[in-house]
Peer 1: 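For reference, the structure I am asking about is given below.
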Amino acid sequence: MTNGPSATTRAARTYLARGWAPILVEARGKRPLLSRWPESRLGEGDLENFEGRNVGLLLGSASEGLVDVDCDWPEAAELARELLPSTALVHGRPSSPHCHWWYRAPGARTAVFRVEPVFTRKTTIVELRGAGAQTVVPPSVHPSGETLRWERWGEPATVDCAELKTAVARLAIAAVLVVRGWRAEDATSIVRCPAAVVERSVERDLLPLAPIRAWLGLEQETSMQRPECSARSTGGQLVLGRASPLTEAVLLRLGGVLGAANLLGLSLHEGRQPCPFHEGQGGRSFQVTGHAWRCWAGCGQGNAIHLAATALGKTYREARDQLAGELHLLSRNHPPLARR
Ligand SMILES: [Zn+2]
């Protein structure tokens, strides 16, 4: 499928024909356009509205149990072929191939696997997206400007939701191991044996145990009813190589990217907006999502401390130390941080 004026309209028609529920999404973005999009069920008569816009798919029962495994980290996308069940429906984009794996897994709930926001990379490693969520699909245009494309356009494999969730958890852990310097073969083989991961973790302080046990279903979840996947396990946060107490204290006090922006005298808000580092009014390259930010044009990304480092032209550590001093001094009415 090529991108063109009617490409998303044609795609939406195809999705409808396959029994899936397409939804309207902002052009070159990920935000659904209808406020009640989770309940929206568009039909043939709505197709012309897709003209020039992006198209998303409602997940879960609205689309015959369709779910999407979204590999945010490139390491996860690379390992997916080894660790996720095979399926004939996969999409990606040129700079991020095969990063979305599609299945039919009735009853699957969304589960997000992430690390603490103290690294320059995205906090979300991989996400199992199910009922109540939506995913932007080809031939939509990604915020980066790239056009999404189907790399496999066949039937999504039908899988058990509990098994799929376990596979995604293993993928998340393997991706973390690869980031920590493991060979992909070693990472994929150890996560196939949860007991080995736990044993190694105890032995070598490999990864923190609590989230790993929960992710691999070694405790709590085992006592819950698995058939309908009702266990309230929605992924969780993995503390990757502990941040220093000072970093943690600074991030806690800042309470997110907007806290840092406030201190820095940057006028930012949640969502898409002009990048304060490279563009003027009307720009849309910059994105704030709670504890994380990113400039899609390449100015940078990260947590609140990375924002300060970028704004001040300092290293992460220098910015953190300056913020720490400032947060302490603020109670004595010192002026906000001066930009260099
Ligand atoms: Zn920028």
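Remember, it's 1-based here, ligands and their atoms both numbered in the order they're listed.
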Peer 1: How would you list all residue pairs meeting salt bridge (charged side-chain N to carboxylate O under 4.0 Å, His left out) that involve residues 284-295, not counting sequence neighbours?
Peer 2: Glu26-Arg284

Peer 1: Evaluate the ring planes of His91 and Trp102, with Trp represented by its six-membered ring, and classify them as parallel (under 30°), tilted (30 to 60°) or perpendicular (over 60°).
Peer 2: tilted

Peer 1: Classify the ring geometry of Trp150 against Trp153: parallel below 30°, tilted from 30° to 60°, perpendicular beyond 60°.
Peer 2: tilted

Peer 1: Should Glu155 and Arg104 count as an ion pair when the cut-off is N to O under 4.0 Å?
Peer 2: yes

Peer 1: Within the 3.5 Å criterion, strictly below it, is a donor on Asp72 or Thr124 matched to an acceptor on the partner's side chain?
Peer 2: no

Peer 1: What's within reach of the Zn ion (ligand 1), meaning protein N/O/S atoms under 2.8 Å?
Peer 2: Cys275 SG, His278 ND1, Cys295 SG, Cys299 SG

Peer 1: Kindly assign one of parallel, tilted or perpendicular to the pair Phe286 and Trp293, based on the angle between their ring planes and the thresholds 30° and 60°.
Peer 2: parallel

